[in-house]
Colleague: 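Would you mind keeping the following structure in view while I ask a few things?
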Amino acid sequence: MADEADADEILDLLDDQYAQVILQQTRNNVMSAKEISETCDISISTVYRRTERLIECGLLAERRVAQPDGTHYSLYEAQLDELTVRLTDDGFEITVSEKATGDLADRFTDMWEGL
């Protein structure tokens with residue numbers, strides 16, 4: 001989970017119908033913003049706003065794909081595997097279990113760079 005994301009922010013985001021649909025659709029499918037927009041019948045600007053917030057909270061992964069002409073586009077994949085909410089004396093504590101995202105080569109590169 002992103003360090004900056006607090007329990008209230010994550011709970012608010014998960015209460016949003018668009019964020020829920022984006023996570024559901026990208027759970028098993030890597031999708032572009034355009035594909036999410038068309039599949040979920042959400043405006044492209046709403047898709048970009050929600051994906052940005054989901055990424056900031058560590059619930060969605062973004063992978064940029066370079067095109068031969070030098071441009072690029074992003075693919076999105078749900079990073080959320082499991083969410084646990086615990087009530088403490090100080091309020092709610094949220095633990096997000098992340099699933100591995102990206103292809104095997106990308107995960108190996110990330111692991112190698114993390115050493």
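Please read all numbers here as calculations on a predicted model, not as lab measurements.
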Colleague: Any pair with a residue in residues 13-30 that passes salt bridge (charged side-chain N to carboxylate O under 4.0 Å, His left out), sequence neighbours left out, goes on the list, sorted by first then second residue, please.
Modeller: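 Of all non-adjacent pairs touching residues 13-30, those that pass salt bridge (charged side-chain N to carboxylate O under 4.0 Å, His left out) are Asp16-Arg50.
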Colleague: Flag the pair Leu83 / Thr95 as yes when at least one side-chain heavy-atom distance between them is below 4.5 Å, and no otherwise.
Modeller: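 Leu83 does not reach Thr95 side chain to side chain.
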Colleague: Using a 4.5 Å cut-off on heavy atoms from C-beta on, say whether the side chain of Arg86 contacts that of Phe92.
Modeller: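 Result no, sub-4.5 Å side-chain heavy-atom pair not found.
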Colleague: With no hydrogens and no angle check, do the side chains of Asp90 and Thr88 hold a donor and an acceptor under 3.5 Å apart?
Modeller: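 Judged by distance alone, the side chains do not pair up.
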Colleague: Kindly compute the distance separating CD1 (Ile44) from CZ (Arg49), expressed to the nearest 0.5 Å.
Modeller: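 The CD1 atom of Ile44 sits 11.0 Å away from the CZ atom of Arg49.
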Colleague: Is the closest side-chain heavy-atom distance between Ile55 and Tyr76 below 4.5 Å?
Modeller: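 SC-SC contact between Ile55 and Tyr76 confirmed.
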Colleague: Is there a side-chain contact between Ile94 and Thr84 (heavy atoms, below 4.5 Å)?
Modeller: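 No, every pair of side-chain atoms sits at 4.5 Å or beyond.
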Colleague: Does a side chain donor of either Glu62 or Ser74 reach within less than 3.5 Å of an acceptor in the other side chain?
Modeller: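 Judged by distance alone, the side chains do pair up.
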Colleague: Quick one: which residue pairs count as a salt bridge (charged side-chain N to carboxylate O under 4.0 Å, His left out) with a foot in residues 29-47, not counting sequence neighbours?
Modeller: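 Matches after skipping sequence neighbours: none remain.
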Colleague: Could you tell me which non-hydrogen atom of Tyr48 sits nearest to which non-hydrogen atom of Thr51, and how far apart they are?
Modeller: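 Smallest interatomic distance, heavy atoms only, reads O-OG1, 3.1 Å.
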Colleague: Using modelled atom types and a 3.5 Å cut-off, is there a donor and acceptor pairing between side-chain atoms of Thr39 and backbone atoms of Ile36?
Modeller: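 Judged by distance alone, no pair lies under 3.5 Å.
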Colleague: Please lay out, stage by stage, how His72 and Val65 fare under the test side-chain contact (heavy atoms from CB on, under 4.5 Å).
Modeller: CA-CA 5 Å; His72 69 275; Val65 178; over 6 Å; no
Colleague: For the side chain of Thr26 and the backbone of Ile22, is there at least one donor-acceptor N/O pair under 3.5 Å apart?
Modeller: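 Side chain of Thr26 to backbone of Ile22: a pair is present.
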Colleague: Considering residues, nucleotides and ligands other than Asp89, do more than 12 of their heavy atoms fall under 6.0 Å from its CG?
Modeller: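 Atom CG in Asp89 is not packed in, count stays at 12 or less.
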Colleague: Show the nearest heavy-atom pair for residues Gln25 and Cys40, with the distance to one decimal.
Modeller: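 Smallest interatomic distance, heavy atoms only, reads CG-SG, 3.3 Å.
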Colleague: Between Ser37 and Ala33 (side chain of the first, backbone of the second, donor and acceptor by atom type, cut-off under 3.5 Å), is there such a pair?
Modeller: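 Checked: no pair found.
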Colleague: Strictly distance-based, threshold 3.5 Å: is any side-chain N or O of Asn29 a donor or acceptor partner for the main-chain N or O of Met31?
Modeller: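 Checked: no pair found.
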Colleague: Working to the nearest 0.5 Å, report the span between SG of Cys57 and CG of Leu80.
Modeller: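 Output value for this atom pair is 11.0 Å.
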Colleague: Could you list the residues that satisfy salt bridge (Lys or Arg N to Asp or Glu O under 4.0 Å) with Asp81, not counting sequence neighbours?
Modeller: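 Per chain and number, Asp81 pairs via salt bridge (Lys or Arg N to Asp or Glu O under 4.0 Å) with no residue.
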Colleague: side-chain contact (heavy atoms from CB on, under 4.5 Å) between Tyr73 and Arg64: does it pass, once the steps are laid out?
Modeller: CA-CA 6 Å; Tyr73 66 96; Arg64 294 194 175 217; over 6 Å; no
Colleague: Write down the atom of Gln79, the atom of Ala61, and the distance for their closest heavy-atom approach.
Modeller: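 Minimum heavy-atom contact is OE1-CB, 3.1 Å.
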